[in-house]
Amino acid sequence: MAEDTNDTDTSGDNAAETRCGFVALIGAPNVGKSTLVNALVGSKVTIVSRKVQTTRALIRGIVIEDNCQIILVDTPGIFQPKRRLDRAMVNTAWSGAYDADMVCVLLDARAGINDEADAILTKLAEVKHPKFLVLNKIDLVPRDKLLALAQKANERLDFEQTFMISALSGDGVDDLRGALAKRLPPGPFHYPEDQMSDAPMRQLAAEITREKIYRFLHQELPYQSTVETDTWQDRNDGSVRIEQTIFVERDSQRKIVLGKGGATIKAIGAEARKELAEILEQPVHLFLFVKVRENWGDDPSRYREMGLEFPKD
């Protein structure tokens with residue numbers, strides 16, 4: 001009889017200990033937020049590029065750690081906005097910080113507290129949620145510099161804990177994941193346990209293609225382009241057929257994306273197709289089209305599709 005009573009009590013305890021919450025990753029462009037999200041999740045849920053400002057909307061990665069569900073909000077990098085799209089991205093990043101249960105502040109250990117990081121730390125003083133300091137790219141910086149940077153940042157804000165990691169190699173990521181899980185508020189899971197992102201596959205597929213545009217085109221063009229998944233057809237042979245359109249603002253940009261003899265668009269498609277096949281674990285037939293959509297950066301409907309609020313002038 002006593003043994004049965006213990007089993008019942010344990011089950012009740014486990015149910016009460018379930019935790020779930022949102023953790024926003026805040027930082028300047030190119031500090032490694034997207035790489036960290038993918039490392040914490042253990043799978044690619046957001047695009048990564050050496051170019052700054054590649055994340056445009058709030059993309060959530062979902063992590064299960066023991067009986068806790070961590071919902072990671074990968075925000076756009078915070079920078080001084082110049083265009084309407086820039087303002088939308090920065091506003092979205094700050095809304096992610098204010099709406100989350102906790103905030104991880106990422107600093108590039110090499111850059112330290114530069115002007116961008118200084119402005120972020122100043123504004124984050126207004127955010128009342130628990131804050132964690134994450135120094136990224138520690139494999140590139142001497143230890144004494146890391147300790148000095150951690151001390152300087154902690155003098156600016158009241159951080160719960162400080163973590164030193166390399167999102168690229170995974171060093172320190174497990175410790176960060178465990179600490180975040182322990183600080184989540186009690187509550188039921190918001191998503192199924194096998195779900196890794198709240199972004200639909202159609203959106204992730206478009207993001208992957210956009211990432212390849214960043215890789216192959218090194219001028220300003222990627223910031224003036226967007227990708228939409230038009231059709232997604234599961235075929236009887238187990239493959240999937242995907243049609244996407246790359247929108248640019250001028251015909252001269254369309255010619256750049258196509259490349260001489262269509263070489264550039266073929267290379268973009270081949271790379272995107274390969275990665276999608278790995279993620280989906282099935283053959284992918286990807287068809288890319290390039291169209292001119294003048295002034296798409298001023299079209300409110302395009303912002304809604306990207307998950308951004310259209311900023312007013």
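Only heavy atoms go into these numbers, but all of them, side chains included; no hydrogens, no water, no symmetry mates.
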Side chain proximity check, Asp101 to Leu184, heavy atoms < 4.5 angstrom: no

Verdict with reasoning, Glu271 to Lys274, per salt bridge (charged side-chain N to carboxylate O under 4.0 Å, His left out): CA-CA 5 Å; Glu271 288 291 313; Lys274 179 181 177 182; 5.6 Å; no

Whether over 12 other heavy atoms sit under 6.0 Å from Asp251 CG: yes

CG-CZ distance between Leu258 and Phe289, expressed to the nearest 0.5 angstrom: 11.5 Å

Within one Ile-Leu-Val-Met-Phe-Trp-Tyr cluster: Leu157 and Val103, side-chain cutoff 4.5 Å: yes

Under the salt bridge (charged side-chain N to carboxylate O under 4.0 Å, His left out) test, residues paired with Arg273 that sit two or more places apart: none

Nearest atoms (heavy-atom pairs only) where Gln244 meets Ala206: NE2-N, 3.3 Å

Gap between atom CG of Leu40 and atom CD1 of Ile70 - 0.5 Å precision: 7.0 Å

Joint cluster assignment, Phe216 & Ile208, ILVMFWY side-chain distance < 4.5 Å: yes

Shortest non-hydrogen contact from Phe163 toward Asp175: CE2-O, 3.7 Å

Contacts of type side-chain contact (heavy atoms from CB on, under 4.5 Å), residue Asn114, not counting sequence neighbours: Ala111, Glu116, Ala117

Close side-chain approach of Gln253 and Val257, heavy atoms under 4.5 Å: no

Close side-chain approach of Glu275 to Glu211, heavy-atom, < 4.5 Å: yes

Non-hydrogen atoms of Thr209 and Leu286 that approach each other most closely: OG1-CD2, 4.3 Å

Separation between CG of Asp174 and CD1 of Ile165, rounded to the nearest 0.5 Å: 11.0 Å

Contacts of type side chain to side chain donor-acceptor pair (under 3.5 Å), residue Asp234, not counting sequence neighbours: none

Salt bridge (charged side-chain N to carboxylate O under 4.0 Å, His left out) partners for Lys137, two or more places apart: Asp108

side-chain contact (heavy atoms from CB on, under 4.5 Å) between Gln151 and Glu155, intermediate numbers included: CA-CA 6 Å; Gln151 180 178 350; Glu155 289 171 354; 3.4 Å; yes

Smallest separation among heavy atoms of Leu180 and Cys104, with atom names: CD2-SG, 3.8 Å

From Glu228 atom CD to Thr245 atom OG1, the distance as rounded to the nearest 0.5 Å: 7.0 Å

Full working for side-chain contact (heavy atoms from CB on, under 4.5 Å) between Val290 and Lys255: CA-CA 9 Å; Val290 187; Lys255 293 175 181 176; over 6 Å; no

Rounded distance (nearest 0.5 Å) linking atom CD1 of Ile265 with atom CZ of Arg254: 9.5 Å

Steps toward side-chain contact (heavy atoms from CB on, under 4.5 Å) verdict (Met102, Glu160): CA-CA 10 Å; Met102 296 182 291; Glu160 300 278 327; over 6 Å; no

Side-chain ion pair, Arg19 and Asp66, N-O less than 4.0 Å: no

Exercise: identify the closest heavy-atom pair between Phe159 and Leu133: CD2-N, 3.5 Å

From NZ (Lys182) to CD (Gln161), nearest 0.5 Å: 8.5 Å

Set of residues satisfying salt bridge (charged side-chain N to carboxylate O under 4.0 Å, His left out) with respect to Glu65, sequence neighbours excluded: none

Distance-only polar pair, side chains of Ser239 and Gln282, donor-acceptor under 3.5 Å: no

Flag if over 12 foreign heavy atoms under 6.0 Å of CG, Leu146: yes

ILVMFWY network linking Val227 to Val284, side-chain heavy atoms under 4.5 angstrom: yes

Same cluster (ILVMFWY, side-chain, under 4.5 Å), Val134 and Leu168: no

Minimum heavy-atom distance Ala153-Leu107, with the two atoms named: CB-CD1, 4.2 Å

NZ/NE/NH1/NH2 to OD/OE distance under 4.0 Å, Arg241 and Glu243: yes

pair Phe189-Ile62: side-chain heavy atoms closer than 4.5 Å: no

Passing candidate, side chain to side chain contact (heavy atoms under 4.5 Å, CB included) with Lys212, options Ile268, Leu217, Leu288: Ile268

Single-linkage hydrophobic cluster, 4.5 Å side-chain cutoff, Phe287 and Trp232 together: no

Derivation of the side-chain contact (heavy atoms from CB on, under 4.5 Å) call for Leu36 and Leu176: CA-CA 10 Å; Leu36 178 56; Leu176 174 60; 4.0 Å; yes

Salt bridge (charged side-chain N to carboxylate O under 4.0 Å, His left out) partners for Glu278, two or more places apart: none

Under 3.5 Å: donor-acceptor pair, side chain of Asn136, backbone of Leu106: no

Pairwise side-chain contact, Asp118 with Arg156, heavy-atom cut-off 4.5 Å (strictly under): yes

Expected output: side-chain Gln69 to main-chain His190 donor-acceptor under 3.5 Å: yes

Criterion side chain to side chain donor-acceptor pair (under 3.5 Å) on Asp139 and Ser169, from CA distance to verdict: CA-CA 9 Å; Asp139 49 327; Ser169 71; 5.3 Å; no

